[in-house]
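Let me begin by presenting the structure, written as structure tokens, before commenting on it.
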Amino acid sequence: MQKNKIWLSSPHMGGTEKRYIEEAFDHNWIAPLGPNVSGFENDIKEYLSGDDTSVEVAALSSGTAALHLALIMLDVKPGDEVICQSMTFAASANPIAYLGATPVFVDSEEDTLNICPARLEEAILDRIAKGKNIKAIIGVHLYGMPYKVEEIHEIAAKYNIPVIEDSAEALGSTYKGKNCGTFGMFGVLSFNGNKIITTSGGGALVTRSEKLKQKAIFLATQARDDAPHYQHSEIGYNYRLSNISAGIGRGQMEVLDKHVGHRREMNKFYQILFSEFPGVKVMKEPSDDFYSNHWLSVVLIDENQTGGISREDIRLALEKENIESRPLWKPMHLQPVFQGTPYFGNGVCEKAFESGLCLPSGSNLTDGDRDRISAVIKEIFTK
Ligand SMILES: *Cc1c(COP(=O)(O)O)cnc(C)c1O
């Protein structure tokens, strides 16, 4: 008999989600507005805000929608350029193309696998010299690992370019004690099914400005002017989160910190498991300034040190035991759809793509699951 599937990252309900949904049914709030939507926004606001940072949150239908609205509010137009980390999920870059602008992709650095400060500045100088208009920088906290916030934001400030922080994978991660998602002019969260918490599908835009939050909600609800009839002076979108989804989100916020704890334990499990085997590096925080939610645990394989065992050997051996694992995000500058777009780099993300593997990291994995994973790894490396 086939053993149960062990997923990379699967939904993990806390228990109270149904209560919020039942409330919505009881009061017939089956709409893209209602008390769960504002309640969920408030839960996230309270979670992210710190002693000296207060943020505003607009709940939306997806993280992609949040990125799209952020770029619209930064007035990104055809002919403009937006700098984006190359190693990321396509959703980080697609909204640039929705607006007819050109993405300019930038390589990663080795410590966090996120946008490299040196290559970023190189890209900015090159594009400015070519007379291009750079409207925004999109940095991504990939797999929950914060990018080098201080360095990146210093460069952005030096050239006066706003930062959109793609924190879709990093809810619960911090840099120097402050929450990821609160550093940029806009922060983006995702509650897709595989993320650290889920609303089955959903996202949020984070900003420090109440005015920008209101603008985002205006655009997300078809840009209706203040009039008794339907009147529109701008193009609008249908991007608001439903009150049912937001109810799931309210329950999930109650268990977010527990989920972060479990994912961090999974990372520790891999650190210990692979410490016995040379040639496998389990990615971890480069210093105490970084605190990752370890949404996914990532290993980099050096075949010269593993005695020839490759990333694919490990992936296929896990697959045979019905355990899901996956190569890292394929860099955007290597994607057929983005062929010919400008790229600044020197091979860091290409190498990580070739040698890296994401391992099962869910907060709902059991001791039995860990035993199965551990058995497969031990068998490959001691054969
Ligand atoms: C999931 C994800 C998104 C998109 O979020 P959706 O809610 O799926 O639209 C954007 N960027 C990154 C890095 C993601 O992982």
Side-chain angles (χ1 to χ4, degrees), residues 7-11 32 40-41 44 57-72 82-98 103 105-106 108 112-115 136-147 152 163-173 180-181 183-184 186-206 216 220 237-242 245-246 248-249 252 259 263 283 292-298 326-333 335 337-338 349 352-353 356 358 361-362:
W7 299 94
L8 212 51
S9 177
S10 70
F40 185 40
E41 287 176 338
I44 302 169
V57 177
L60 300 171
S61 53
S62 71
T64 311
L67 276 155
H68 191 191
L69 292 185
L71 292 169
I72 290 168
V82 175
I83 294 179
C84 182
Q85 182 170 322
S86 184
M87 180 164 246
T88 184
F89 180 43
S92 305
N94 282 339
I96 304 168
Y98 299 166
F105 292 116
V106 168
S108 299
T112 71
L113 297 183
N114 290 316
I115 189 164
I137 296 165
I138 300 175
V140 189
H141 307 298
L142 214 56
Y143 304 119
M145 182 67 73
Y147 60 72
I152 296 301
V163 176
I164 299 172
E165 204 188 336
D166 183 344
S167 205
E169 301 177 0
L171 183 57
S173 299
C180 288
F183 299 108
F186 294 103
V188 169
L189 303 175
S190 167
F191 313 113
N192 207 336
N194 59 351
K195 299 288 156 70
I196 193 150
I197 63 166
T198 182
T199 60
S200 78
L205 189 68
V206 180
Y237 301 83
N238 182 6
Y239 277 174
R240 203 68 164 125
L241 187 68
S242 90
S245 299
I248 306 176
Q252 289 272 280
H259 286 197
R263 299 229 178 206
M283 289 301 292
S292 172
N293 68 12
H294 286 298
W295 172 60
L296 293 187
S297 280
V298 169
R326 214 177 275 177
L328 308 201
W329 299 123
K330 180 172 178 172
M332 289 304 115
H333 73 279
Q335 297 286 357
V337 74
F338 289 121
C349 68
F353 170 60
C358 298
S361 304

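Whatever order the structure lists them in is the order used to number ligands and atoms, beginning at 1.
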(Q) For a quick test of reading the model, state the closest non-hydrogen atom pair linking Ile196 to Leu171 and the distance between them. (A) CG2-O, 3.7 Å
Q: Sequence neighbours left out, what passes ring-ring contact (aromatic ring centres under 6.0 Å, His included) with Tyr237? Give chain and number order.
A: His68, Tyr239
Q) Can you name the residues that come within less than 4.0 Å of ligand 1, going by heavy atoms only? A) Ser62, Gly63, Thr64, Thr88, Phe89, Ala91, Ser92, Val140, Asp166, Ala168, Glu169, Ser190, Asn192, Lys195, Gly202
Q: Taking ring-ring contact (aromatic ring centres under 6.0 Å, His included) as the test, write out the residues that go with Phe191, two or more places apart.
A: Phe40
(Q) To the nearest 0.5 Å, what is the distance between SG on Cys358 and CH2 on Trp295? (A) 7.5 Å
Q. What closest approach, in Å, do Ser292 and Met145 show between heavy atoms, and which atom pair accounts for it?
A. OG-N, 3.6 Å
**Q.** Residues in side chain to side chain donor-acceptor pair (under 3.5 Å) contact with Ser200, at least two apart in sequence or another chain
**A.** none
